[in-house]
Amino acid sequence: MDFDDTPDQARLRDAVRQFLVDHDSELAHGDGAYLEEPGTDRVEGLRRTQAILFDAGLIGLTWPKDYGGGGGTNAQQAVVNEELHRARVAGPIGHVGLGMCGPTVLGHGSEDQKQRYIRRLLRADDLWCQLFSEPGSGSDLAALRTKAVRHDDGWHIQGQKVWTTLAQHSRYGILLARTNPEAQKHRGLTMFVVDMESPGVTVRPLRQMNGHQSFNEVFLDDVVIDDSERLGDVDDGWRVALTTLMSERMAVGGGGGELGVRSDALVAHAASRLPQLSDDRRRLTIEALGRVLVESLAARYTGYRLQTSVERGGRPGPEASAGKLTAVRVAHATADLGQRLLGDEAVLARSVEGDWRWATSQASTPGIALAGGADEILRNILGERVLGLPPDSARVAPRPTPPSESR
Amino acid sequence: MNFDIDEEQRNFAEHARDFFSEQAGPGTARRLLDEAGDPAPGPRVLAELGFSSLTIPEIAGGVGAELLNMALVAEQAGRQLAGPSLATAARVAVLLEGDEGRLRDVSEGRTVIAVVDGSPAGSSPSMDALSATHFLALDGEDLLLGEGRVSPGEPIDATRGLGFVELTSSEVVCRDARERWERARQVACVVLAAEGLGAADRVVELGIEHARSRETFGRPIGAYQAVKHRLVDDWVAVNQLRSLVWWAAWAADHAPEQLPLAASAAKAYCATTFETACETLIHVLGGIGFTWEHDAHLYWRRAKVDRLLLGDESEHLAAVALQSISAATRAVSGETGTTEVVPV
Ligand SMILES: Cc1cc2nc3c(=O)[nH]c(=O)nc-3n(C[C@H](O)[C@H](O)[C@H](O)COP(=O)(O)OP(=O)(O)OC[C@H]3O[C@@H](n4cnc5c(N)ncnc54)[C@H](O)[C@@H]3O)c2cc1C
């Protein structure tokens with residue numbers, strides 16, 4: 001056990017810190033990973049930021065060197081992430097590619113696909129999206145109906161996806177489709193890489209409750225995908241999807257990262273606001289702040305512990321789901337307290353001084369609690385696969401059940 | 001950075017686990033509610049095995065281990081509701097720092113020392129007072145050691161040995177002892193949280209076992225989400241508590257400037273985690289969980305008492321908040337000589 005840096009890590013930390021000071025003006029900033037000011041669009045700035053960080057070796061540190069990564073350790077990445085947070089650098093725009101699509105291509109793609117895709121993905125030269133959810137299948141992902149039928153010129157895709165984050169900016173997506181309608185529902189799926197510029201792909205942005213347009217409807221009308229763009233075997237897409245979902249949970253909270261406004265921003269906000277509160281209110285607020293910070297520290301160090309064990313033993317297990325659950329809770333409590341600290345102005349979406357962070361974050365956390373597996377689904381996964389409790393009756397199928405019945 | 005214990009520590013914890021499951025257990029906690037006596041395994045056995053002197057330096061007859069190792073043992077002690085608390089042992093080791101003679105008496109079991117909370121003239125209920133031969137108390141800025149008269153109150157959890165202490169003799173063992181007193185209390189908070197961690201872990205385990213086997217309406221109750229999700233939430237909290245306890249215990253030896261915050265975080269998080277886990281267990285057990293014979297209430301009793309010992313949740317949450325704010329303010333003003341206390 002050692003929460004301190006090794007000498008190598010300390011050197012890395014110093015170098016990163018210096019780099020971020022030197023390049024501060026070229027980078028986009030923010031107080032939370034996915035926190036964007038309402039009414040603004042800085043996708044290009046965020047892409048540039050990711051490219052600068054990649055060129056400096058700060059993105060994809062743990063990814064294989066052969067494909068543009070740094071071949072480093074999770075601990076090194078954690079050092080880098082801490083420094084990025086300290087310098088208030090905005091989270092990577094390519095988070096879906098980094099957290100979900102990239103690991104899936106690495107795990108199941110051909111050498112050619114890895115060579116073509118990974119480096120550009122890391123650098124945000126190409127953004128990626130995850131085409132899993134459909135109108136009729138979110139939690140029950142394996143019930144999806146988008147079809148892929150094999151022809152001489154490749155696979156023909158017909159169907160609709162929804163809630164697809166970043167689709168409108170993405171060059172590629174990973175697509176889960178049904179290739180065998182006869183098979184049991186988890187057994188007839190196949191994963192593909194789809195070029196979002198292909199004929200037949202229509203993307204329609206959706207406006208979310210926080211006002212942003214991050215997710216989209218995607219219509220796939222006879223889109224043709226070459227067989228070489230398949231990830232994994234035909235009808236083995238569920239296994240491939242599990243790689244995606246596991247990486248997703250590690251990326252979204254499991255590794256100890258924060259999903260809402262970061263706690264250091266909350267502390268600074270509290271420091272400036274507390275003196276303006278009445279004595280009674282101040283006392284209550286201090287206790288509430290303590291509670292949020294303790295939860296946040298607990299989540300962070302639990303994520304770090306998980307990273308240490310992943311580093312030793314390989315792939316993240318179902319326990320990564322716990323990190324997402326708790327990170328959502330922290331994000332929610334942080335937004336709530338931050339907003340309440342605005343006092344009378346807390347009823348407005350922006351304080352008189354122009355602080356929009358808490359109101360935006362409080363309107364965003366309901367989505368985080370759903371994306372990447374709703375809280376209930378994560379609790380089922382933990383209950384059944386970590387605690388060994390029996391499954392829900394509806395999912396006790398008469399036929400043998402695959403490893404995980406829900407996303 | 002390495003956020004895991006090593007193989008040697010794992011083996012050590014395993015050894016402690018075997019020991020406490022043989023030498024202690026909820027049975028003793030139940031018996032002590034009806035008849036007065038020492039908790040198991042008791043102060044002398046803990047001293048003989050070197051568990052209570054883990055953090056006392058070797059030169060004073062102790063083991064000279066880091067607090068993290070003490071926390072690992074305390075976790076196992078907590079699973080079995082063992083007593084006296086290793087929190088008291090760790091606290092005494094800090095309070096008598098440098099006093100080789102007296103520490104040797106403790107290491108070798110010649111004296112059993114408890115720490116008096118509140119005024120030495122008439123204390124608040126103080127932990128492990130019932131089995132102590134001597135007492136440490138803070139009088140103004142002076143650290144006193146002496147003998148005392150102990151009157152027990154009616155216990156909720158009889159394994160905590162709580163009693164009102166009145167010192168009958170005393171000598172000053174250290175002047176200007178305030179800082180040391182505070183640090184000793186923080187160290188004790190970490191160990192108490194470690195005991196709570198072990199107890200809460202055991203409680204969740206008991207709930208899971210029951211939910212797997214008990215059937216209603218033709219299904220195991222663990223299949224119902226209302227039951228399953230409650231157990232999951234408790235399990236998640238226990239796992240998070242472990243992270244805080246390990247961090248705090250590590251900080252005591254390697255990053256003392258982080259100890260006050262880490263100790264308060266662990267203590268506060270333990271308070272709710274342990275209590276909630278016990279409430280879940282009793283509820284999930286159904287009627288059997290409400291009986292005197294079942295162990296559930298003995299853990300619940302421990303939770304209800306420990307959450308208030310060494311400062312309640314509100315005190316520690318406020319400490320976390322205020323220390324974080326002052327660290328952030330210092331960092332902004334660029335004050336030198338202070339490293340960042342809060343890694344937020
Ligand atoms: C902001 C955001 C971004 C997203 N981005 C993407 C993306 O990029 N790509 C993508 O493929 N998808 C994405 N999603 C979709 C997301 O994965 C789904 O919304 C999620 O899986 C839930 O599916 P659903 O919306 O169909 O709700 P449903 O599955 O219909 O669930 C509705 C409610 O029922 C509950 N429920 C369902 N089944 C159970 C059960 N067995 N037990 C208990 N309760 C249950 C759920 O917890 C939920 O509260 C995104 C969603 C959001 C909100």
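Order of the sequence lines fixes the chain letters, A, B, ..., with proteins taken first and strands second; residue numbering starts at 1 for each chain. Keep in mind that the numbers below use all heavy atoms, side chains included, and drop hydrogens, waters and symmetry copies. The structure displayed is predicted, hence computed values, not measured ones.
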Peer 1: Chain B: which of A:Asn74, A:Asp5, A:Asp4, A:Leu325 shares the most heavy-atom pairs with it under 4.5 Å?
Peer 2: A:Asp4
Peer 1: List in chain and number order the residues that pass ring-ring contact (aromatic ring centres under 6.0 Å, His included) with B:Tyr299, two or more places apart in sequence or in another chain; answer none if no residue qualifies.
Peer 2: none
Peer 1: Considering only heavy atoms and a distance below 4.5 Å, find which of A:Leu274, A:Val292, A:Thr308, A:Leu289 pairs most often with chain B.
Peer 2: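 When all of A:Leu274, A:Val292, A:Thr308, A:Leu289 are compared, A:Thr308 has the most.
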Peer 1: Identify the heavy atoms of A:Ala271 and B:Thr329 that sit nearest to each other, and give their distance.
Peer 2: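 That closest heavy-atom pairing would be CB-OG1, 4.5 Å.
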Peer 1: Between A:Asp2 and B:His254, is any pair of side-chain heavy atoms under 4.5 Å apart?
Peer 2: no
Peer 1: What pair of heavy atoms forms the shortest contact from A:Val267 to B:Ala328, and how long is it?
Peer 2: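 Smallest heavy-atom distance, with atoms named: CG1-CB, 3.6 Å.
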Peer 1: B:Val320 versus A:Arg291: any side-chain heavy-atom pair under 4.5 Å?
Peer 2: no
Peer 1: Go through the atoms of B:Ile5 and report whether side chain, backbone, both or neither lie under 4.5 Å from a heavy atom of chain A.
Peer 2: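 The answer is both parts of B:Ile5.
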Peer 1: Once you round to the nearest 0.5 Å, how far does OG of B:Ser264 lie from CG of A:Leu297?
Peer 2: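 The OG atom of B:Ser264 sits 11.5 Å away from the CG atom of A:Leu297.
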Peer 1: Output all residues satisfying salt bridge (Lys or Arg N to Asp or Glu O under 4.0 Å) with B:Glu275, sequence neighbours left out; order by chain, then residue number.
Peer 2: B:Lys304, B:Arg307
Peer 1: Which bit of A:Ala75 is near chain B, if near means a heavy-atom gap under 4.5 Å: side chain, backbone, both or neither?
Peer 2: both
Peer 1: Quick one: pull up CG in B:Leu244 and CZ in A:Arg300 and give me the separation to the nearest 0.5 Å.
Peer 2: 11.0 Å
Peer 1: Tell me whether A:Arg379 contacts the main-chain N or O of B:Val232 through its side chain, where contact means a donor paired with an acceptor under 3.5 Å.
Peer 2: no
Peer 1: B:Asn239 versus A:Arg305: any side-chain heavy-atom pair under 4.5 Å?
Peer 2: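 Yes, close enough: below the 4.5 Å cut-off.
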Peer 1: Please work out which of the three classes, parallel, tilted or perpendicular, describes the rings of B:Phe3 and A:Phe3, given edges at 30° and 60°.
Peer 2: perpendicular
Peer 1: Which residues from residues 329-341 of chain A are near chain B, with near meaning under 4.5 Å between non-hydrogen atoms?
Peer 2: A:Arg329
Peer 1: Which region of B:Glu313, side chain (C-beta onward) or backbone (N, CA, C, O), has a non-hydrogen atom less than 4.5 Å from a non-hydrogen atom of chain A, or is it both or neither?
Peer 2: side chain
Peer 1: Once rounded to the nearest 0.5 Å, what's the spacing between atom CG of A:Leu389 and atom CG of B:Leu231?
Peer 2: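 Taking CG in A:Leu389 and CG in B:Leu231, the distance rounds to 6.0 Å.
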Peer 1: Closest approach of A:Pro391 and B:Ala223, non-hydrogen atoms and distance?
Peer 2: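 Scanning both residues, the minimum pair turns out to be O-CB, 3.3 Å.
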Peer 1: Tell me, side chain or backbone of A:Glu376 under 4.5 Å from chain B's heavy atoms, or both, or neither?
Peer 2: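 For A:Glu376, the contact with chain B is made by backbone and side chain together.
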Peer 1: Under a 4.5 Å heavy-atom cut-off, does chain B meet the side chain of A:Thr302, its backbone, both or neither?
Peer 2: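 Answer is both: backbone and side chain atoms of A:Thr302 are under 4.5 Å from chain B.
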Peer 1: Roughly how far, to the nearest 0.5 Å, is CG of A:Asp392 from CZ of B:Arg219?
Peer 2: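 It is 6.5 Å, given to the nearest 0.5 Å.
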Peer 1: Indicate the atoms forming the closest heavy-atom contact of A:Val294 with B:Ala265, along with that distance.
Peer 2: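 Nearest heavy atoms, A:Val294 then B:Ala265: CG1-O, 3.7 Å.
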Peer 1: Go through the atoms of A:Glu287 and report whether side chain, backbone, both or neither lie under 4.5 Å from a heavy atom of chain B.
Peer 2: both
Peer 1: Sort A:Val79 into side chain, backbone, both or neither according to what part of it lies under 4.5 angstrom from a heavy atom of chain B.
Peer 2: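 Both the backbone and the side chain of A:Val79 come within 4.5 Å of chain B.
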Peer 1: Chain B heavy atoms under 4.5 Å from A:Leu266: which part of the residue, side chain, backbone, both or neither?
Peer 2: neither
Peer 1: So which part of A:Ala299 gets closer than 4.5 Å to some heavy atom of chain B, the side chain, the backbone, both or neither?
Peer 2: both
Peer 1: Between CE of A:Met1 and CH2 of B:Trp247, what distance do you get to the nearest 0.5 Å?
Peer 2: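 It comes to 13.0 Å.
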Peer 1: With a 4.5 Å cut-off on heavy-atom pairs, point out which of B:Leu68, B:Asp233, B:Ile221 contacts chain A the most.
Peer 2: B:Asp233
Peer 1: Identify the heavy atoms of B:Ala321 and A:Ile286 that sit nearest to each other, and give their distance.
Peer 2: CB-O, 3.3 Å
Peer 1: Between A:Thr326 and chain B, which part of the residue has a heavy atom less than 4.5 Å away: side chain, backbone, both or neither?
Peer 2: side chain
Peer 1: Answer yes or no: is there a donor N or O on one side and an acceptor on the other, between the side chain of B:Lys228 and the main chain of A:Leu382, under 3.5 Å?
Peer 2: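 Not at all, since once roles are kept as given, no pair shorter than 3.5 Å links the two residues.
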Peer 1: Return the set of residues passing ring-ring contact (aromatic ring centres under 6.0 Å, His included) with B:His316 (not counting sequence neighbours), or none when no residue passes.
Peer 2: none
Peer 1: Between atom CZ of A:Arg312 and atom CG of B:Asn2, what is the distance when rounded to the nearest 0.5 Å?
Peer 2: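 If I round to the nearest 0.5 Å, the distance is 4.5 Å.
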